[in-house]
Enquirer: 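Okay, here's the structure, questions in a sec.
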Amino acid sequence: MFSAFSARFTRGRATARLAAVTLVSALAAAGVMAGAATAAADGTARSQGGATATIGGLKTYGAAVVHGDTGDQEISAGLFEMSVDGGGTLQTYCIDLHNPTQRDARYHETPWSGTSLGANKDAGRIRWILQNSYPQVNDLAALARKAGVQGGLTEQDAAAGTQVAIWRYSDGAAVDAVDPQAERLADYLEKNARNVAEPQASLSLDPPALSGHPGERLGPVTVHTNAGSVTVTPPADAATSGVRIVDADGEAVTAAADGAQVFFEVPEDAADGTAEVTVQASTTVPVGRAFASESRSQTQILAGSSESTVSAAASATWAKTGAVPALSAAKNCAESGVDITAANEGDEAFTFELLGIEYTIPAGESRTVTVPLQEDQAYDFTIEGPGGLTERFTGVLDCMTQTNEAEAAGDTTQTLSEPSPATEGTTTTADTNLAETGASSATPLIVGVAIALVLIGGAALVLVKKKEATTQD
């Protein structure tokens, strides 16, 4: 089940409604989850910029054993591979041991705050492990000497040992590598890991949404990237609307570098409306960037990147009079919800009600409020504003990596792959297998049932834009 939020802002009396969809069957729950995942995959929801990729499988791995109250479970542990939209390949490790990996799931580069890393005090240690182990360190003989591994390391040993060390910090898991060499590497990495800062996005625009009046230069929008240069694509209807993307001097911009500022130049006679600028580049994604899926597939963390296509977008909204809202959203795992940032560059106050609390944003100010959600809750809301502004935000709040004690008592962690999971004393490298931790062929239905049971009777969200008492209905 998911909550569908729809908000409409108009120049008269404007209302915004939340439709809290209550499902009455497990099959319906599974169907809605599939719909939410499809919407995100179709690209209708705005991401926060960076790389978008499809997971292809567990490529280089060995065996590990997870120790639990109900016994030990052998699973596969190692490197996944993803194909980047527009070109490029990523290598990732899992940071979400107890969730399944869905075949061909699509992933978006995501800030740590939008994943379980946002509330994990050891997130920086995971990045240290990535920087100091395979595949970033591909001299396996040197890595073995540093870790005190007798007899050297194979690629499978290195991948398994690195994954095991990561799981100890990402999931707090009691897990060991089956191979003694891989286990020795895992112990070395766990013991020596130090906190390292979160890496910056490969490409993002800040802010992702802004507003103002016709005849103004709206902005600035700042480019943040590790690429040498990005290509700037103006709004699709620029030729007819007259909206230009310019620099601070009013010169048209077609390319920009890190730290550059761009503006939307809106003609004075432009009708109320909205426009979007897109930037794109080819670069390597920084090690340690998180990748999250909207289909409840295991959260991943980047271990290696080829030259890959990355992109980001920002929108602008303008109107001659009244409140002119600009809205954006981002997951906030530390607060168990989604942050909605509302900015108002209009000439009237912008008032809205959120879960029974009323907020007023004076002209020229902005505020961020958090919509609380339950773990695993899918959300899908569209906000419509003046001049054709439409912003859709979809996702699944996936912030936790460990089940509670009651759930764990009846839970079995298992990694499925094609061919079968590596058995004790062997390691395998495969081209087509895909690990699914905790998954089976019934996983999508089970997930749907669980979400339906958790979310029945969900809360309602109402956003209401209020006008002066003299305004005509």
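Note that the coordinates shown come from a computational prediction; the quantities given were computed from them, not determined experimentally. Note that the numbering runs from 1 along the sequence shown for the chain.
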Enquirer: Return yes if some donor-acceptor pair links the side-chain N/O of Tyr169 with the main-chain N/O of Glu190 below 3.5 Å, else return no.
Expert: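 Yes; at least one donor-acceptor contact below 3.5 Å.
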
Enquirer: Apply side-chain contact (heavy atoms from CB on, under 4.5 Å) to Ile340 and Thr368, showing your working.
Expert: CA-CA 5 Å; Ile340 297 178; Thr368 298; over 6 Å; no

Enquirer: Could you report the tightest heavy-atom contact between Cys333 and Ser116, atom names first, then the distance?
Expert: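 Nearest pair, atom of Cys333 first, then Ser116: SG-N, 4.4 Å.
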
Enquirer: Should Leu185 and Tyr134 count as side-chain neighbours, where that means a heavy-atom distance under 4.5 Å?
Expert: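 Side chain of Leu185 against side chain of Tyr134, heavy atoms only: no contact under 4.5 Å found.
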
Enquirer: Okay, side chain of Arg125, backbone of Val196: is any donor-acceptor separation there less than 3.5 Å?
Expert: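 Checked: no pair found.
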
Enquirer: When you measure from the side chain of Thr225 to the backbone N and O of Ser202, does any donor-acceptor pair fall under 3.5 Å?
Expert: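 Yes; at least one donor-acceptor contact below 3.5 Å.
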
Enquirer: Which pair of heavy atoms, one from Leu397 and one from Gly337, lies closest together, and at what distance?
Expert: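 So the minimum-distance heavy-atom pair works out to CD1-O, 3.7 Å.
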
Enquirer: Do Arg194 side-chain atoms and Asn192 backbone N/O form a donor-acceptor pair below 3.5 Å?
Expert: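 Between the backbone of Asn192 and the side chain of Arg194 there is a qualifying donor-acceptor contact (under 3.5 Å).
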
Enquirer: Measure the spacing between CG of Asp96 and CG of Asn99 and express it to the nearest 0.5 Å.
Expert: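 If I round to the nearest 0.5 Å, the distance is 4.0 Å.
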
Enquirer: Determine yes or no for a side-chain-to-main-chain donor-acceptor pair under 3.5 angstrom, with Thr309 supplying the side chain and Gly86 the backbone.
Expert: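 Flag set: sc Thr309 to bb Gly86 pair under 3.5 Å.
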
Enquirer: Hey, are the side chains of Leu203 and Val223 touching, using non-hydrogen atoms and a 4.5 Å cut-off?
Expert: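 Counting from C-beta outward, Leu203 and Val223 do come under 4.5 Å.
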
Enquirer: Compare all side-chain heavy atoms of Thr89 with those of Ser308 and state whether any distance is below 4.5 angstrom.
Expert: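 They are not in contact (no side-chain heavy atoms under 4.5 Å apart), so the answer is no.
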
Enquirer: Before you tell me yes or no, could you show the steps for Leu117 and Ile126 under side-chain contact (heavy atoms from CB on, under 4.5 Å), namely the whole-Å CA-CA distance, both residues' side-chain angles and the distance that decides it to 0.1 Å?
Expert: CA-CA 9 Å; Leu117 297 175; Ile126 297 172; 3.8 Å; yes

Enquirer: Can you tell if the side chain of Lys59 reaches within under 4.5 Å of the side chain of Leu79, non-hydrogen atoms only?
Expert: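 No - every pair of side-chain heavy atoms lies 4.5 Å or more apart.
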
Enquirer: Is it the case that the side chain of Gln298 and the backbone of Ile95 share a donor-acceptor pair, with hydrogens and angles ignored and the cut-off at 3.5 Å?
Expert: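 Flag not set: sc Gln298 to bb Ile95 has no pair under 3.5 Å.
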
Enquirer: Between the side chain of Arg289 and the main-chain N/O of Ile301, is any donor-acceptor distance below 3.5 Å?
Expert: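 A pair under 3.5 Å: no.
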
Enquirer: I want to check something: taking the side chain as every heavy atom from C-beta on, are Gln131 and Gln136 in contact at a cut-off of under 4.5 Å?
Expert: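 Contact flag for Gln131/Gln136 side chains = no.
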
Enquirer: Provide the closest heavy-atom pair for Ala197 versus Arg127 in the form atom of the first, atom of the second, distance.
Expert: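 Shortest heavy-atom contact: O-NH1, 2.6 Å.
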
Enquirer: Go through the steps to decide whether Asp339 and Thr370 satisfy the test side-chain hydrogen bond (donor to acceptor under 3.5 Å, both in side chains), and finish with yes or no.
Expert: CA-CA 4 Å; Asp339 286 343; Thr370 302; 2.6 Å; yes

Enquirer: Could you tell me whether the side chain of Asp171 and the main chain of Ala173 form a donor-acceptor pair under 3.5 Å?
Expert: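 No, the answer is negative, given that no donor and acceptor are paired below the 3.5 Å cut-off.
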
Enquirer: Can you tell me how far apart CZ (Arg103) and OG (Ser295) are? Round to the nearest 0.5 Å.
Expert: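 Arg103 CZ to Ser295 OG: 13.0 Å, rounded to 0.5 Å.
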
Enquirer: For a 4.5 angstrom cut-off between non-hydrogen side-chain atoms, does Leu130 reach Ile166?
Expert: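 Answer yes - side chains close enough.
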
Enquirer: Starting from the C-alpha separation in whole Å, work towards a yes-or-no answer on side-chain hydrogen bond (donor to acceptor under 3.5 Å, both in side chains) for Gln280 and Ser311.
Expert: CA-CA 4 Å; Gln280 188 175 81; Ser311 62; 5.0 Å; no

Enquirer: Using only atom types and a distance under 3.5 Å, with no angle test, would you say the side chain of Trp112 pairs donor to acceptor with the backbone of Gly288?
Expert: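 Judged by distance alone, yes, a pair lies under 3.5 Å.
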
Enquirer: If you look at every heavy atom in Thr299 and Phe291, which pair is closest and at what distance?
Expert: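 Scanning both residues completely, I find the closest heavy atoms to be CG2-O, 3.5 Å.
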
Enquirer: Do Asn226 and Thr283 get their side chains close enough for a donor-acceptor pair, meaning under 3.5 Å?
Expert: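 Per modelled atom types, Asn226 and Thr283 side chains form a pair under 3.5 Å.
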
Enquirer: Shortest non-hydrogen contact from Val232 to Ile245?
Expert: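 Distance-wise, the nearest heavy atoms are CG1-CG2, 3.9 Å.
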
Enquirer: Under the side-chain hydrogen bond (donor to acceptor under 3.5 Å, both in side chains) rule, what do Thr60 and Gln156 come out as? Steps first, then yes or no, please.
Expert: CA-CA 6 Å; Thr60 306; Gln156 291 80 12; 5.9 Å; no

Enquirer: What are the two closest non-hydrogen atoms of Leu58 and Ser76, and how far apart are they?
Expert: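 Nearest heavy atoms, Leu58 then Ser76: CD2-CB, 3.6 Å.
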
Enquirer: As a quick check of understanding, evaluate side-chain contact (heavy atoms from CB on, under 4.5 Å) for Val178 and Val65, giving each step before the final call.
Expert: CA-CA 7 Å; Val178 169; Val65 175; 3.7 Å; yes

Enquirer: Does Val279 form a side-chain contact (heavy atoms from CB on, under 4.5 Å) with Leu205? I'd like the steps, not just the answer.
Expert: CA-CA 8 Å; Val279 297; Leu205 295 177; 3.9 Å; yes

Enquirer: Between Ser297 and Gln102, is there a side-chain donor-acceptor contact under 3.5 Å, judged purely by atom types and distance?
Expert: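 Note: Gln102 and Ser297 side chains miss the donor-acceptor criterion.
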
Enquirer: Give the C-alpha distance, both sets of side-chain angles, the deciding distance and a yes or no for side-chain hydrogen bond (donor to acceptor under 3.5 Å, both in side chains) between Thr52 and Tyr107.
Expert: CA-CA 6 Å; Thr52 299; Tyr107 283 77; over 6 Å; no

Enquirer: Hey, what do you get for OG1 (Thr101) to CD1 (Ile55), rounding to the nearest 0.5 Å?
Expert: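 Answer for the OG1-CD1 pair, Thr101 versus Ile55, is 5.5 Å.
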
Enquirer: Check the side chains of Ser305 and Thr284 for a donor-acceptor pair under 3.5 angstrom, ignoring hydrogens and angles.
Expert: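 The answer is no; no qualifying pair exists.
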
Enquirer: Checking Thr162 against Ser133: is there a side-chain donor and acceptor pair closer than 3.5 Å?
Expert: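 Present: a donor and an acceptor within the cut-off.
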
Enquirer: Considering only heavy atoms from C-beta outward, does the side chain of Thr54 approach that of Met82 to under 4.5 Å?
Expert: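 No; the side chains remain at least 4.5 Å from each other.
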
Enquirer: If you count heavy atoms of other groups shown closer than 6.0 angstrom to CD of Glu198, is the number above 12?
Expert: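 Yes.
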
Enquirer: I want to check something: taking the side chain as every heavy atom from C-beta on, are Cys94 and Gln163 in contact at a cut-off of under 4.5 Å?
Expert: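 Side chain of Cys94 against side chain of Gln163, heavy atoms only: contact under 4.5 Å found.
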
Enquirer: How long is the gap from CD on Glu276 to OG1 on Thr278, to the nearest 0.5 Å?
Expert: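 These two atoms lie 4.5 Å from each other.
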
Enquirer: Let me see the working for Arg168 and Asp122 under salt bridge (charged side-chain N to carboxylate O under 4.0 Å, His left out), right down to the final yes or no.
Expert: CA-CA 10 Å; Arg168 291 173 183 174; Asp122 292 319; over 6 Å; no

Enquirer: Quick check for you: to the nearest 0.5 Å, what is the distance between Asp176 atom CG and Asp72 atom CG?
Expert: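 The CG atom of Asp176 sits 8.5 Å away from the CG atom of Asp72.
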
Enquirer: Mind checking the CG-CZ spacing from Leu210 to Phe264? Nearest 0.5 Å is all I need.
Expert: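 The distance works out to 6.0 Å.
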
